[in-house]
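To find a chain, count down the sequence lines: A is the first, B the second, and so on, and within it residues start at 1. Just so it is clear, the model here is predicted, and its values are computed rather than measured.
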Amino acid sequence: MSRYLVTSALPYANGPIHFGHIAGAYLPADVYVRTLRMQGEEVLYICGADEHGTAITVNAEAEGIPYSEYVARWRGVIKDTFDRFGIRFDVWSGTSICPEHPAQSQEFFRRLEGNGFLEQQESEQLYCPHDRMFLADRYIVGTCYLCGHDKARGNECPACGQELDPLRMAVAACRICGTRPEKRKTRHWYLDLAKLRDEHIGQWFQQHEWKPNVTGFIGGQLKEIGLRPITRDMSWGIPVPADCAGSETGKVLYVWFDAPIGYISFTQEWARMAGKPDDWKRWWQDPDSRIVHFLGKDNISFHCLIFPSMLYGVKQGYQLPWAVPANEFYNLQGGKFSTSEKRTIPIEEFCARYDTEAARFYLLASSPESADSDWRWEDFQATVNAQLADKIGNLVTRVLRFLEKNYEGVIPPCDDATAAELDRVLFEECGTFGDPAEFTRRFQFRRACEQLIQNAVLANVFVDRLAPWTLRKTDPVRAGAVLATCCQWIALLARWMAPFMPAKAGSVWEMLGNAGRVEEAGWPKLPVAGAWRTLPAGRKLGAVGPLFAKIEKETVAEELAKLAPK
RNA sequence: GGCGGUGUAGCUCAGUCGGUAGAGCAGCGGCUUCAUAAGCCGCGUGUCGUCGGUUCGAGUCCGGCCACCGCUACCA
C-alpha cells in the first residue's frame, strides 16, 4: 500500500470554471481518488483557489471592491461548481486565506536563497504613473515595431504573431487607463532554473516516465531554460521575507511562485484542522508518498519542471511528483470555451436542466487524454441515452421490476449447484468483462468508462440467454435463481459505478435493498466463478425507479441553437 | 519564426515489443418481449494525411512535405 497525495491545479479566482477545466483537471482526479479510496489506499485530495496576481487586482479595482472580497466571491462560485458535480476535496482553501500559506511560501524563498538558487537583477520596466504600478506586458498596448499594427500587446503582436519587447515600442499606453507609461528601473529576484536543472532536475526528468505530451513539451524547454523572475512590484501577494528583502520594499512573490506552494500549505491547513499539525510531512516528505498532479496542458511546465525545481531546491526532503496526468484541452462543439463570447455552458443552467452524474460520465468518456476533444451535445445525448439509460439503467429496471411483479420484490434463493452452473454461463458464454479500476489507475478514463458499460452488457446478454420470462412458466425456482444472479451482478456494477457516478451508484445500491453507502462496500475483486456473490437471498428490494432520464432530440437542437453565432 | 499535439471505417476513437487493420455509435438484416419503444445476434476492403527511406515485412521506426489545433515564459 502506498500513500497518494492527489492535487488538482489551483483554479484562478478570477472567473467561473467551465467544463473544460472540470474534464481536464478535476473530474479525473476525483474519480481517481474515489477509486483508490474504495481500494483501501490512503489518499489525500488537495485543492484551493489561486488568488494573487495582477489580473485579479485589475479586475477587482474595475469593480471597485477589495481584492479579498473579489477573490472570496470567485472562490465561492468555483467551489459551488465542484459541489454540484460531486467533486470532493479533503481540503479546499485559497492562497490569500490559508493561514499557513504566507509563512510556507516565504520559507521556500528563504531556503532557495540560502541554497544559492536565487539571483537579484535590476531591469527596466514600464511603469504607469496613473495606476501607480509596473505593467505586465499584457497590460501594454502599442504600435508593433515590426509590422506597424497599432493595437499590439506588449508581449505579442496579434497581427504578425511576433514576440515583442514592450520597451522598444515607440507608442505605448497602459491598457487599463490609457496613460503613457514611463521606464523605471526595478530590482527583482530570479530563480536559477538552469542551475537546478544541471544539479538534479534535468536528470530526474529524463529518468521519469511521462505521458507523451509531457515528454515532448518539456524536452525542448529544458534546453532553453534560464532565470525566471519570482518577485513583483505590487501589494497583493506574499511579501518577500523581511530578512531577505534588504533595502527593497514593496515586493511580493510572483503569483506563479506562491501558487503551487499552496498544495503544501493547504495540506498543512488540513493537518492542523485534523488535529495532527505535523502530519503534512508524512504526505510531502516521506518516500512512500506518491504525489499525483492533475492538470491541463497549460500547466505542464510548472508541474514537471518549475515546481519540482523548487521542491528540490529547498532541500528539505520533499518528494517530487510521482505522476502528472496532464490532459489536453477540452473544447465546446468544435470551438474554444469562451465565457466572454458566450461560447459556454452556464453551470447553473446546465444543472437545472440535466443530470450532473450523467455529465460526469460523458465528460470522462470524452476526456482529452491524448488529444484535444470536445463536448458535443449530440454525443452527450447518445452517451446518456444509448449507454447509460439503455445499457445500465434498463438492466437495473428490467431485472428489479421483474422481481417486483413476480417474486414479491425479494431476492430469490439460488442453491450452490445452480449457482455453479449459472456462473459458468455468465463467465464463459456471455462475453468479456474487466476491472475498470485497472484503467483508472493508469489514468485511462475513457477506457474505464467503456469497461463499465461492457460489464453491464455482459449482464444483459446473460438475461437474454436465460430468458427468465419464459423459464418462469416451467421452472419458477430456476428463473428466480437467474434473477438472483442478475442482482448479484448489479451489486457489483453499483460498486464499479461509484467513483464515476457516486449518486447513481447509491441509488442502485438502495434499490438492491442495501443499507449503508456503496463506497463503504469497497472495491470488488474481479469476480471469479464460485466466489463473487454477496447479497443474501430473501433480501427485500428497495423502491425501483428509472436511473437516467433520456435526452430528447429537440433539447439537443435547442442547445445547438444557443451556440450558433448570431 | 520556434516548439508541441493531432491526422486510421459515415461519426468518435483503440492500435503495447514493427508481422497480412480493430471497437463503440450510426446504418442494414434477424431474434426476443422481462424492461426507460429497452435487450440480444449477424453484417465493416478503409490509398491507416502525403512522398521517400530502413526492413524479409511499417498504421507502428527515420526523414521531407501538407492540413488542423495549441503553446511561445514576467500570462495567471
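A/Gln387 has its CD atom 16 Å from the P atom of B/A23, to the nearest Å. For the pair A/Ile392 CD1 and B/G39 P, the interatomic distance rounds to 12 Å; values are reported in whole Å. Taking atom OH on A/Tyr362 and atom C1' on B/G24, their separation rounds to 13 Å, with Å as the unit. Across the protein-nucleic acid pair, A/Arg447 atom CZ and B/U12 atom P stand 19 Å apart, rounded to whole Å. At whole-Å resolution of the value, CG in A/Asp298 and P in B/G5 are 17 Å apart. A/Phe380 has its CZ atom 23 Å from the P atom of B/C11, to the nearest Å. Separating the NE2 atom of A/His188 from the P atom of B/A73 is a distance of 18 Å, rounded to the nearest angstrom. Regarding A/Asp390, its CG atom lies at a distance of 10 Å from the C1' atom of B/A35, rounded to whole Å.
In terms of modelled atom types and a separation under 3.5 Å, the side chain of A/Tyr407 and the main chain of A/Pro476 share a donor-acceptor contact. Of the possible polar contacts, one joining the A/Thr231 side chain to the A/Trp189 backbone as a donor-acceptor pair under 3.5 Å is found. In this structure, A/Asn455 contributes its side chain and A/Phe433 its backbone to no donor-acceptor pair below 3.5 Å. A donor-acceptor contact shorter than 3.5 Å is absent between the side chain of A/Glu369 and the backbone of A/Gln444.
A salt bridge between A/Glu438 and A/Arg442 is present, with a side-chain N of the basic residue lying under 4.0 Å from a carboxylate O of the acidic one. Contact check on A/Glu119 versus A/Lys195 returns no salt bridge, with no Lys/Arg side-chain nitrogen under 4.0 Å from an Asp/Glu carboxylate oxygen. Under the 4.0 Å criterion applied to side-chain N and carboxylate O atoms, A/Arg441 and A/Asp435 are not assigned as salt-bridge partners.
Rounded to a whole angstrom, the distance from the C1' atom of B/G46 to that of B/G59 is 12 Å. The gap from the C1' atom of B/A14 to that of B/A9 amounts to 13 Å, rounded to the nearest Å. B/G44 and B/G29 have their C1' atoms separated by 15 Å, with the value rounded to a whole Å. Comparing the P positions of B/C28 and B/C17 gives an interatomic distance of 40 Å, to the nearest angstrom. The separation of B/G7 from B/U12, taken at their C1' atoms, amounts to 14 Å, rounded to a whole angstrom. Of the P atoms belonging to B/G10 and B/C71, the separation is 31 Å, rounded to the nearest Å. Remark: the separation of the C1' atoms in B/C43 and B/A23 is 15 Å, to the nearest Å. Straight-line distance between the C1' atoms of B/U50 and B/G39: roughly 45 Å, to the nearest whole Å.
For B/A37, there is no paired nucleotide, since no Watson-Crick or G-U wobble pair has both relevant distances below 3.5 Å. Checking B/A58 for Watson-Crick or G-U wobble geometry (two distances, each under 3.5 Å) identifies no partner in any strand. Across every strand in view, B/U47 sits unpaired, with no contact that passes the Watson-Crick or G-U test at under 3.5 angstrom. For B/C17, there is no paired base (Watson-Crick or G-U wobble, both distances below 3.5 Å). With a cut-off of 3.5 Å on both pairing distances, B/C74 has no Watson-Crick or G-U wobble partner at all. The partner of B/G24 is B/C11, by the rule that a Watson-Crick or G-U pair needs both atom distances under 3.5 Å.
Candidate nucleotides B/G39, B/C40, B/C34 were compared by shortest atom distance to the side chain of A/Val461, and B/C40 ranks first. Taking every side-chain heavy atom of A/Phe329 into account, B/G70 is the closest of B/G70, B/G5, B/C34. Side-chain proximity of A/Phe548 to the nucleotides B/U36, B/C34, B/A73 is greatest for B/U36. Taking only side-chain atoms of A/Asp379, from C-beta outward, the nucleotide of B/G39, B/U12, B/G70 with the closest atom is B/U12. Of the listed nucleotides (B/U6, B/C40, B/U36), B/U36 has the atom at the smallest distance from the side chain of A/Asn394. Nearest to the side chain of A/Asp372, among B/G39, B/U33, B/C69, sits B/C69. In this structure, of B/U33, B/U6, B/C25, it is B/C25 that holds the atom nearest to the side chain of A/Lys391.
In this structure, A/Ala382 reaches neither bases nor backbone, as no heavy-atom distance under 4.0 Å exists between it and the strands shown. In this structure, A/Pro468 reaches neither bases nor backbone, as no heavy-atom distance under 4.0 Å exists between it and the strands shown. The residue A/Arg465 sits apart from the nucleic acid: no heavy atom pair falls under 4.0 Å. If you check every strand for non-hydrogen atoms under 4.0 Å, A/Ser301 touches nothing. A/Arg446 comes within 4.0 angstrom of sugar-phosphate atoms only, judged by non-hydrogen atoms across all strands, and of no base. Heavy atoms of A/Leu547 sit under 4.0 angstrom from at least one base atom. Within the nucleic acid shown, A/Val457 comes within 4.0 Å of sugar-phosphate atoms alone, with no base atom in reach, counting heavy atoms only.
Between the side-chain ring of A/Trp469 and the base of B/C34, a stacking contact exists by the 5.5 Å and 30° definition.
Where A/Ile230 and A/Lys473 each meet RNA chain B at their nearest nucleotide, the meeting point lying more 5' is that of A/Lys473. Along RNA chain B, the nucleotide nearest to A/Asp374 and the one nearest to A/Lys405 differ in position, and the one closer to the 5' end is contacted by A/Asp374.
Checking the phosphate oxygens (OP1, OP2) of B/A37, no side-chain nitrogen or oxygen of A/Lys550 falls inside 4.0 Å. Under 4.0 angstrom from either OP1 or OP2 of B/C71 there lies no side-chain N or O belonging to A/Lys297.
Across A/Trp377, A/Tyr362, A/Phe548, a single residue satisfies ring pair (Phe, Tyr, Trp, His ring centres under 6.0 Å) together with A/Tyr354, and that is A/Trp377.
Counting heavy atoms from C-beta outward, A/Cys430 and A/Val425 have side chains that approach closer than 4.5 Å.
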